[in-house]
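Below is one structure, written out as structure tokens; comments come after it.
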Amino acid sequence: MPNSTEPLIAGQVPLHEIMARLACERPVFHSEADLRLAFVRALWTLAPEIAPRLEVGQHQTGPVELLDLLCLGPLGTTAVEFKYFTARWTGTVADHGEQFALRAHSSDDVARQRYVSDIERLERFCAPAHSRNGLALIVTNAATLWSPPLVRMQPTRDAEFRIHHGRSLSGTLLWGGGDYRANTRVLHGRYELHWRPYAQLKGRNGELRYLVVEVTSGPAPQDP
């Protein structure tokens with residue numbers, strides 16, 4: 001079941017505190033791996049008693065799946081999945097003189113599908129037997145992800161996977177109206193999507209925002 005309160009890492013550190021610290025120290029990242037490392041360092045600074053573990057195998061009924069980050073603390077455990085989707089941007093971060101050249105990733109629909117897949121995975125990883133919460137986190141400078149579609153836009157294959165601000169996700173989500181069954185995703189919770197500001201850099205595509213969905217232990221998902 002989703003939780004409307006501020007998500008906590010390992011039952012004690014509010015996610016917004018980590019993101020605020022990150023935004024000050026690292027307003028932009030070279031890659032998703034860079035984001036993960038920076039996140040772990042910020043978490044360690046704020047709560048050194050929480051033990052972070054990267055790429056942890058999750059043993060479900062099928063093949064072993066790798067979880068991006070598992071945070072183990074005295075008050076709880078949190079599973080985190082990351083996505084870092086970028087539009088083209090080049091610039092320098094003044095504090096360090098560090099140069100960045102973000103490339104344009106593949107189509108937005110792929111980013112949406114992968115983010116929704118993370119939520120579905122976390123529902124499995126956070127079943128009652130695990131007694132943990134999960135966070136699906138995406139950071140991006142692609143405004144097309146947080147912006148609603150144009151009113152006159154023709155239906156697209158990822159229409160049910162859109163993750164713009166104010167949307168909610170739940171139930172069975174069909175890709176291309178169901179023509180691509182392998183891309184169908186089933187969510188057992190209901191998730192309200194609220195994007196938050198992250199950083200403002202100079203130039204086109206210089207605004208970054210982040211979205212987090214929290215998954216908490218609830219009834220074990222059933223096979224669709």
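Note that this is a predicted model, so its numbers are computed, not measured. Heavy-atom basis, side chains included; hydrogens, waters and symmetry copies ignored. Numbers here simply count residues along the sequence, with the first being 1.
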[X] side-chain N/O to [Y] backbone N/O, donor-acceptor pair under 3.5 Å:
{"X": "Glu120", "Y": "Leu187", "value": "no"}
{"X": "Glu123", "Y": "His188", "value": "yes"}
{"X": "Asp158", "Y": "Arg112", "value": "no"}
{"X": "Tyr84", "Y": "Ile138", "value": "no"}
{"X": "Tyr198", "Y": "Thr140", "value": "no"}
{"X": "Ser107", "Y": "Val110", "value": "no"}
{"X": "Trp89", "Y": "Lys202", "value": "yes"}

**Request:** Would you please indicate yes or no on a ring centroid separation below 6.0 angstrom for Trp175 and Phe161?
**Result:**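 Under 6.0 Å, so yes.
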For the atom pair [atom1] ([X]) and [atom2] ([Y]), what is the distance rounded to the nearest 0.5 Å?
{"X": "His16", "Y": "Tyr210", "atom1": "NE2", "atom2": "OH", "answer": "8.0 Å"}
{"X": "Asp68", "Y": "Leu122", "atom1": "CG", "atom2": "CG", "answer": "9.0 Å"}
{"X": "Tyr191", "Y": "Leu169", "atom1": "OH", "atom2": "CG", "answer": "9.5 Å"}
{"X": "His165", "Y": "Ser147", "atom1": "NE2", "atom2": "OG", "answer": "10.5 Å"}
{"X": "Ile163", "Y": "Asp108", "atom1": "CD1", "atom2": "CG", "answer": "9.0 Å"}
{"X": "Phe85", "Y": "Leu145", "atom1": "CZ", "atom2": "CG", "answer": "5.5 Å"}

**Prompt:** Regarding Thr78 and Asn133, is there a side-chain donor-to-acceptor distance under 3.5 Å anywhere?
**Reply:**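 Judged by distance alone, the side chains do pair up.
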**Message:** Is it true that Arg185 and Ser117 share a donor-acceptor pair across their side chains at a distance under 3.5 Å?
**Reply:**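 The criterion, which ignores hydrogens and geometry beyond distance, is satisfied for Arg185 and Ser117.
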**Message:** What verdict does the side-chain contact (heavy atoms from CB on, under 4.5 Å) test give for Val116 and Leu173, after you've listed the backbone C-alpha separation in whole Å, the side-chain angles of each residue and the deciding distance to 0.1 Å?
**Reply:** CA-CA 9 Å; Val116 172; Leu173 305 178; 3.7 Å; yes
What residues, two or more places apart in sequence or in another chain, satisfy side-chain hydrogen bond (donor to acceptor under 3.5 Å, both in side chains) together with [X]?
{"X": "His164", "answer": "none"}
{"X": "Glu25", "answer": "Arg21"}
{"X": "His105", "answer": "Thr86"}

Pair up each side-chain donor or acceptor in residues 38-55 with any protein partner under 3.5 Å, not counting sequence neighbours, and list the distances.
{"residue": "Thr45", "atom": "OG1", "partner": "Arg41", "partner atom": "O", "Å": "3.0"}
{"residue": "Glu49", "atom": "OE2", "partner": "Gln12", "partner atom": "NE2", "Å": "2.5"}

Single-linkage hydrophobic cluster [X]~[Y], side-chain heavy atoms < 4.5 angstrom:
{"X": "Leu193", "Y": "Leu15", "result": "no"}
{"X": "Leu211", "Y": "Leu22", "result": "no"}
{"X": "Leu70", "Y": "Leu8", "result": "no"}
{"X": "Leu208", "Y": "Leu135", "result": "yes"}
{"X": "Phe29", "Y": "Trp195", "result": "no"}

**Note, Leu35 side chain near Val139 side chain (heavy atom, < 4.5 Å)** =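 Counting from C-beta outward, Leu35 and Val139 do come under 4.5 Å.
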**Validation row: Val28, Leu201 side chains within 4.5 angstrom (heavy atoms)** =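 Yes. Closest side-chain heavy atoms under 4.5 Å.
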Shortest non-hydrogen contact between [X] and [Y], atoms and distance:
{"X": "Gly57", "Y": "Val64", "answer": "CA-CG1, 3.7 Å"}
{"X": "Ala79", "Y": "Cys126", "answer": "CB-SG, 4.4 Å"}
{"X": "Leu102", "Y": "Ala87", "answer": "CB-O, 3.7 Å"}
{"X": "Cys71", "Y": "Val80", "answer": "SG-CG2, 4.5 Å"}

**Request:** Please step through side-chain contact (heavy atoms from CB on, under 4.5 Å) for the pair Asn183 and Gln113, ending with a clear verdict.
**Result:** CA-CA 8 Å; Asn183 285 347; Gln113 195 270 346; 3.7 Å; yes
**Asked** Got a sec, which residues hit side-chain contact (heavy atoms from CB on, under 4.5 Å) with Leu174, two or more places apart in sequence or on another chain?
**Response**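 By the side-chain contact (heavy atoms from CB on, under 4.5 Å) rule, Leu174 matches Glu160, Thr172, Thr184.
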**Message:** Considering only residues two or more places apart or on different chains, which pairs with a residue in residues 79-92 satisfy salt bridge (charged side-chain N to carboxylate O under 4.0 Å, His left out)?
**Reply:**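 Every salt bridge (charged side-chain N to carboxylate O under 4.0 Å, His left out) pair that includes a residue of residues 79-92, provided the two are not neighbours, is Glu81-Arg121, Lys83-Asp118.
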**Request:** Apply side-chain hydrogen bond (donor to acceptor under 3.5 Å, both in side chains) to the pair Glu207 and Asn141, showing each step before the final yes or no.
**Result:** CA-CA 6 Å; Glu207 180 183 6; Asn141 67 329; over 6 Å; no
**Item:** Heavy atoms of other groups near Arg204 CZ, more than 12 under 6.0 Å
**Value:**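 Counting neighbours around CZ of Arg204, 12 or fewer heavy atoms of other residues, nucleotides or ligands fall under 6.0 Å, so no.
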**Request:** With salt bridge (Lys or Arg N to Asp or Glu O under 4.0 Å) as the test, would you mind laying out the steps for Glu214 and Arg190 before giving the verdict?
**Result:** CA-CA 10 Å; Glu214 181 180 23; Arg190 184 178 184 86; over 6 Å; no
**Test applied, salt bridge (charged side-chain N to carboxylate O under 4.0 Å, His left out); reference residue, Asp109; option that passes from Arg114, Arg157, Arg162** =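 Of Arg114, Arg157, Arg162, salt bridge (charged side-chain N to carboxylate O under 4.0 Å, His left out) with Asp109 is met by Arg157 alone.
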**Message:** For a side-chain contact (heavy atoms from CB on, under 4.5 Å) check, start with the C-alpha distance between Leu69 and Phe82, then their side-chain angles and the critical distance, and finish with the verdict.
**Reply:** CA-CA 8 Å; Leu69 175 65; Phe82 295 91; 3.8 Å; yes
**Prompt:** Should Leu137 and Met19 be marked as a side-chain contact (heavy atoms from CB on, under 4.5 Å) after you check the CA-CA gap, both sets of side-chain angles, and the distance that decides it?
**Reply:** CA-CA 11 Å; Leu137 174 66; Met19 298 307 291; 4.1 Å; yes
